[in-house]
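Here the structure is a predicted model, which is why all the values come from computation and not from measurement. Reminder, nothing fancy here: chain letters follow the sequence lines and each chain counts from 1.
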2 protein chains.
Amino acid sequence: MQRSTHQRRAIYRVLEEADRPLSPQEVLEHARGEVPNLGIATVYRAVKAMTEAGDLTSVQLPGEAPRYEFAGKHHHHHFRCLKCNRVFEIDGCPGGLAAMLPEGFQLERHDLVLYGACSECTNGSGV
Amino acid sequence: MQRSTHQRRAIYRVLEEADRPLSPQEVLEHARGEVPNLGIATVYRAVKAMTEAGDLTSVQLPGEAPRYEFAGKHHHHHFRCLKCNRVFEIDGCPGGLAAMLPEGFQLERHDLVLYGACSECTNGSGV
DNA sequence: TTAACTGCAAACCCTTTGCACGGTG
DNA sequence: CACCGTGCAAAGGGTTTGCAGTTAA
């Protein structure tokens with residue numbers, strides 16, 4: 001079993017407090033508030049271990065490095081802001097995807113990623 | 001403007017003859033049939049230039065290296081068969097995606113990837 | 001002719017690994 | 001006390017860049 005160390009608790013807490021998937025680099029920057037000497041290698045090792053343990057899942061957007069969020073959430077998708085590059089969770093899910101498939105194809109799962117501007121980056125249109 | 005070189009014509013032809021998106025490495029391997037000393041750097045530079053010129057588009061599936069295909073196709077998505085790993089184009093597109101966004105978010109574009117079994121791999125269920 | 005293109009190899013970036021020390025159980 | 005976990009730094013793998021020679025226009 002895994003040990004509960006100062007570093008891992010900090011990493012866990014950072015992911016817990018963020019309401020969005022974080023990259024290892026983002027985790028490092030946030031967690032250094034608690035553990036100043038935290039190394040990036042430790043973050044990589046921790047998220048890998050937590051993912052294998054089932055506590056985290058990796059969120060992989062096309063062409064981008066993996067981000068991590070807590071596992072066990074309800075089915076959801078992601079939105080990436082093209083200005084600040086942060087990734088947000090989106091609760092909705094379009095229906096009728098199976099109807100898009102050709103004859104004989106069977107749908108098992110799907111990934112949907114929306115791109116645009118988040119509310120903070122949408123200046124001048126209502127924030 | 002770009003020059004028409006032996007290497008670029010070979011790279012172009014390889015992508016033209018393939019009926020699926022190719023990775024730079026795959027392009028290199030195929031194109032070396034015509035240009036034995038072709039370097040990987042040249043492939044990267046060529047696909048980058050052709051993409052910027054609008055001749056190619058990159059196809060990026062989550063967690064996978066980018067592949068390239070000819071641009072100018074109609075808006076479409078991709079289906080990857082979990083058994084044979086081939087990627088197919090899907091013509092349909094779900095609507096109402098903007099409605100899934102939180103207040104103040106603006107939708108610009110989206111990526112949808114469907115996973116499952118293609119008709120050839122759906123053995124025992126009607127093929 | 002001349003400036004873009006190419007091949008090679010080194011540089012880069014992100015991620016992983018090796019090692020000796022520190023801390024958990 | 002035994003060993004896992006950590007930080008540092010070096011190694012890896014894939015992509016990009018610098019340079020001098022080549023080639024298209």
Side-chain angles (χ1 to χ4, degrees), chain A residues 1-16 18 20-69 80 84-87, chain B residues 1-16 18 21-69 85 87:
Chain A
M1 193 48 203
Q2 295 185 55
R3 290 184 180 176
S4 172
T5 65
H6 190 193
Q7 290 87 343
R8 290 188 182 176
R9 284 191 296 274
I11 290 167
Y12 194 90
R13 196 172 306 128
V14 162
L15 282 160
E16 201 170 34
R20 60 193 182 84
L22 298 180
S23 67
Q25 192 60 44
E26 287 174 315
V27 171
L28 178 70
E29 286 158 11
H30 286 83
R32 276 195 166 156
E34 287 183 49
V35 188
N37 283 20
L38 182 63
I40 186 67
T42 297
V43 176
Y44 278 103
R45 283 187 279 231
V47 295
K48 184 181 179 186
M50 292 178 191
T51 299
E52 287 171 355
D55 295 325
L56 301 181
T57 51
S58 66
V59 176
Q60 305 208 330
L61 304 197
E64 298 185 37
R67 294 170 168 87
Y68 296 85
E69 69 180 8
R80 184 166 75 85
C84 67
N85 289 323
R86 287 184 298 176
V87 173
Chain B
M1 195 46 206
Q2 294 187 58
R3 290 184 181 176
S4 172
T5 65
H6 189 192
Q7 290 86 342
R8 290 189 182 175
R9 283 192 297 274
I11 290 167
Y12 195 90
R13 196 171 307 127
V14 162
L15 283 159
E16 203 170 32
L22 298 181
S23 67
Q25 192 61 46
E26 287 174 316
V27 171
L28 178 70
E29 287 157 12
H30 286 82
R32 277 195 166 156
E34 287 185 51
V35 187
N37 282 21
L38 183 62
I40 186 67
T42 297
V43 176
Y44 277 104
R45 284 187 278 230
V47 296
K48 184 181 179 186
M50 292 179 191
T51 299
E52 287 170 356
D55 295 325
L56 301 180
T57 52
S58 64
V59 176
Q60 306 204 325
L61 303 194
E64 300 184 33
R67 298 160 217 267
Y68 295 84
E69 68 180 7
N85 286 325
V87 174

Could you check how far [atom1] of [X] sits from [atom2] of [N], rounded to whole Å?
X: B:N37; N: C:dA9; atom1: CG; atom2: C1'; result: 15 Å
X: A:R3; N: D:dA2; atom1: CZ; atom2: P; result: 13 Å
X: A:Q25; N: C:dT16; atom1: CD; atom2: P; result: 13 Å
X: A:L28; N: C:dC13; atom1: CG; atom2: C1'; result: 15 Å
X: B:I40; N: D:dT17; atom1: CD1; atom2: P; result: 15 Å
X: A:R45; N: D:dA9; atom1: CZ; atom2: P; result: 14 Å
X: A:L38; N: C:dG22; atom1: CG; atom2: C1'; result: 15 Å
X: A:Q2; N: D:dC4; atom1: CD; atom2: P; result: 13 Å

With the side chain defined as heavy atoms from C-beta on, B:T5 is closest, among D:dG5, D:dA24, D:dG7, to D:dA24
Which of C:dC8, D:dA9, D:dA24 is nearest the side chain of A:A41? It is D:dA9
Interatomic distance, CG@B:L56 vs CZ@B:R67, rounded to 0.5 Å, equals 15.0 Å
Hey, does the side chain of [X] come within less than 4.0 Å of [N]'s phosphate (OP1/OP2), counting only N and O?
X: B:S4; N: D:dA25; answer: no
X: A:T42; N: D:dG7; answer: yes
X: A:Q7; N: D:dG7; answer: yes

Any side-chain heavy-atom pair of [X] and [Y] under 4.5 Å:
X: A:E69; Y: A:R20; value: no
X: B:T51; Y: B:Y68; value: yes
X: A:R8; Y: A:Q2; value: yes

DNA chain D nearest-nucleotide lookup for B:A65 and A:V43: closer to the 5′ end is A:V43
By nearest-heavy-atom nucleotide on DNA chain D, the more 5' of B:R9 and B:P24 is B:P24
Once you apply a heavy-atom cut-off of 4.0 Å, does B:A46 come out as touching a base, just sugar-phosphate, or nothing?
nothing
For this session: Using a heavy-atom cut-off of under 4.0 Å over every strand shown, decide if A:R8 touches base, sugar-phosphate, or nothing.
Result: sugar-phosphate
**Message:** So that I can tick it off, tell me whether A:E34 and A:R9 are bridged by a salt bridge, with the cut-off set at under 4.0 angstrom between side-chain N and carboxylate O.
**Reply:** no
